[in-house]
There are 2 protein chains.
Amino acid sequence: MTKESNHMPEHTILLVDDEAAIRDMLSIALEAAGYNILSAENAQQAHAIIVDQHPDLVLLDWMMPGTTGLELLRRLKREELTEKVPVIMLTAKAEEGSKISGLDAGADDYIAKPFSPRELISRVKAVLRRVGREALKDPIIVGEMVFDPLGHRVSIANNSIDLGPTEYRLLQFFLTHQERVFSRDQILDYVWGGNVYLDERTVDVHIRRLRKAISVAGHENYVQTVRGAGYRFSTQIQHA
Amino acid sequence: MTKESNHMPEHTILLVDDEAAIRDMLSIALEAAGYNILSAENAQQAHAIIVDQHPDLVLLDWMMPGTTGLELLRRLKREELTEKVPVIMLTAKAEEGSKISGLDAGADDYIAKPFSPRELISRVKAVLRRVGREALKDPIIVGEMVFDPLGHRVSIANNSIDLGPTEYRLLQFFLTHQERVFSRDQILDYVWGGNVYLDERTVDVHIRRLRKAISVAGHENYVQTVRGAGYRFSTQIQHA
DNA sequence: AGCCTTCTGTCATATTTGTGTCATGTAACC
DNA sequence: GGTTACATGACACAAATATGACAGAAGGCT
């Protein structure tokens, strides 16, 4: 089994606060909870890190010298590249009113200082969980192929592809686990569900069906055979 | 044909308050303004009614014995089926602070008691307008088909189509949720109301009736079967 | 109320589509 | 060249959906 499945979050959180003391405090609490921490002391730095490292969540102090947290938030939400990054605002008790404008601007939650580590962690978890669920609903795009979970439809170059239920799940599995080899066993477990006993060769057949279905403009080349190991979905096309 | 009075709003509002006196008062004021009223005296009842009848708006008292209004609100916003129902909270003057948490939890507006009927009505109108329930009154056009909620009429290429009540609601549901798959279960929930127990296959039959009714100039192709998943209304015609 | 019409949900049956396995062909590896 | 792993097409059976018919329910009309 893979290491990320021992349910350790392994999420990366960016802390943005001008006071080192607060950053440290948050950092300790969050690391103890199993998160990776990045930090920035101003909005510029923060923006650079976000663009660069794609943290899974940003904890953003409301009040900061220079560009305020709110401005950074607005900027993040304005740009397509960063609009999906979830943000939790940290606000001082006094500025209750600001909660609303923060939420308006697109923050996912806010926490009023002072707060307990427990509260912090639980909010962080809640936001990550919610965002994770929503991400499940976002279309996945690879090459000219669009995989739309909500519509339960796959299209390539705007033409609807038709897939059987199993091939659909297989493709979904691959798309959410790209660039990695899986044995037939693993694929059976993930795609068919844990307690089926089927011939491993069955996987081959469904792989073939999937390849056939998406063989438009070379998209079948994303599904790659790894001799002796299994299959892999990769956007790095193998040389012929 | 339904009774469909003059051209009154015809919106349905659910009142949730534990005190009968208040329910009556609100009820009289709102009925005078042309709304249909449902009422519930506790959160459980309210939830059942919401799932079942899909009111256009919920007026929810903050303070109630048992599950409080806030808890109900959270629950509504948590479940996909009900997250879109607009909610106005009724709060006592004293609990000003609660406004904020109410809005946070997803309330659309709040009104502090005591309030005037005029204020109530205008807030209700405002929320309904904003939430776009008004938009629900605009005709929806797909291909040559015109779905006119006000006239409760559907026509294709200027010929009136006749649909049974269930097929009408089914079509309305599809038109307002295009390009998305729904399981038979979900369809039963949305179109029939939450607390019915019916055979899932019943959906198939109504789908067929709907298809048959709109099968003019190929409009039945908009209603698509997604094997293993349910049905979808899509303007991207399937297959070649 | 009673009659008539329309609507509804369920069933039994037909049809379509998906499934896993096998036999055989083909390519990779030593 | 022999061996192994994978690809492919065919097929029988399984599963899901479509369809037509029907009896009871609901609603309109006089």
Side-chain angles (χ1 to χ4, degrees), chain A residues 152-154 160-173 181-189 191-193 195-215 220-233 238-240, chain B residues 1-5 152-154 160-173 181-193 195-215 220-233 238-240:
Chain A
H152 206 280
R153 157 181 290 174
V154 179
S160 218
I161 294 305
D162 100 286
L163 288 178
T166 306
E167 285 74 45
Y168 179 87
R169 271 179 292 135
L170 184 58
L171 178 58
Q172 179 167 46
F173 169 70
V181 184
F182 293 91
S183 69
R184 293 175 173 71
D185 249 340
Q186 289 177 307
I187 294 176
L188 279 174
D189 278 359
V191 176
W192 273 258
N195 5 349
V196 289
Y197 176 64
L198 289 179
D199 191 333
E200 289 206 338
R201 294 287 135 216
T202 299
V203 176
D204 299 31
V205 175
H206 283 276
I207 288 279
R208 173 177 140 270
R209 286 169 181 159
L210 174 58
R211 279 176 173 154
K212 192 173 190 180
I214 65 174
S215 64
E220 74 276 15
N221 295 318
Y222 293 133
V223 178
Q224 302 170 356
T225 302
V226 181
R227 205 184 165 77
Y231 295 96
R232 168 181 58 205
F233 188 95
Q238 279 175 324
H239 61 283
Chain B
M1 193 106 308
T2 53
K3 61 182 153 212
E4 203 75 2
S5 39
H152 205 276
R153 157 179 296 150
V154 180
S160 205
I161 295 303
D162 93 303
L163 288 178
T166 306
E167 284 73 45
Y168 179 86
R169 271 178 294 133
L170 184 58
L171 178 58
Q172 179 168 48
F173 169 69
V181 184
F182 294 90
S183 67
R184 294 176 172 72
D185 249 339
Q186 290 176 305
I187 294 175
L188 279 173
D189 278 359
Y190 281 110
V191 176
W192 273 257
N195 300 330
V196 291
Y197 175 65
L198 289 180
D199 190 332
E200 290 205 337
R201 296 284 138 221
T202 299
V203 176
D204 300 31
V205 175
H206 284 275
I207 288 279
R208 172 174 143 274
R209 287 168 181 160
L210 173 58
R211 278 176 174 155
K212 195 172 190 180
I214 66 174
S215 65
E220 74 276 16
N221 294 317
Y222 293 133
V223 178
Q224 302 171 354
T225 301
V226 181
R227 207 152 235 268
Y231 294 96
R232 165 181 60 205
F233 188 97
Q238 190 83 111
H239 219 9

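So you know, we letter chains A, B, ... as the sequences are listed, proteins then strands, and number each from 1.
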May I ask you to test the [X]-[Y] pair for a side-chain heavy-atom distance under 4.5 Å?
X	Y	result
B:Arg184	B:Asp204	yes
B:Thr166	B:Arg169	yes
A:Val154	A:Glu167	no
B:Arg209	B:Val205	yes

Name the residue closer to the 5' end of DNA chain C, choosing between B:Asp199 and B:Gly164 according to the nucleotide with the nearest heavy atom.
B:Gly164
Between A:Arg211 and A:Val223, is there a donor-acceptor pair closer than 3.5 Å when you use the side chain of the first and the backbone of the second?
yes
Summarise protein proximity over nucleotides 7-19 of chain D in one line of letters, 5' to 3': B for base, S for sugar-phosphate only, - for none, counting protein heavy atoms closer than 4.0 Å.
SBBB-----BBSB
Once you build an axis from the first five pairs and another from the last five of the helix from C:dA1-D:dT30 to C:dC30-D:dG1, how far apart in angle are they, to 10 degrees?
40°
Output the rounded distance in Å from [atom1] ([X]) to [atom2] ([N]).
X	N	atom1	atom2	value
A:Leu170	C:dG18	CG	P	15 Å
A:His206	C:dT21	NE2	C1'	10 Å
B:Tyr197	C:dG9	OH	C1'	12 Å
A:Glu167	C:dT19	CD	C1'	9 Å
A:Leu198	C:dT19	CG	P	11 Å
A:Gln224	D:dC6	CD	C1'	15 Å

Could you tell me which residues satisfy ring-ring contact (aromatic ring centres under 6.0 Å, His included) with B:Tyr231, sequence neighbours excluded, listed by chain and number?
none
Hey, is the side chain of A:Thr202 poking within less than 4.0 Å of OP1 or OP2 on C:dT21, counting only N and O atoms?
yes
Ignoring backbone atoms, establish whether A:Trp192 has a side-chain N or O less than 4.0 Å from OP1 or OP2 of C:dT19.
no
Once you measure the plane-to-plane angle for A:His152 and A:Tyr168, does it fall in the parallel (<30°), tilted (30-60°) or perpendicular (>60°) bin?
parallel
In terms of ring plane angle, is the pair B:Phe173 and B:Tyr190 parallel, tilted or perpendicular, where the classes change at 30° and 60°?
parallel
For the side chain of B:Pro165, counting heavy atoms from C-beta on, which of C:dT19, C:dT8, C:dG20 is nearest?
C:dT8
More than 12 heavy atoms from other groups under 6.0 Å of CZ on B:Arg153
no
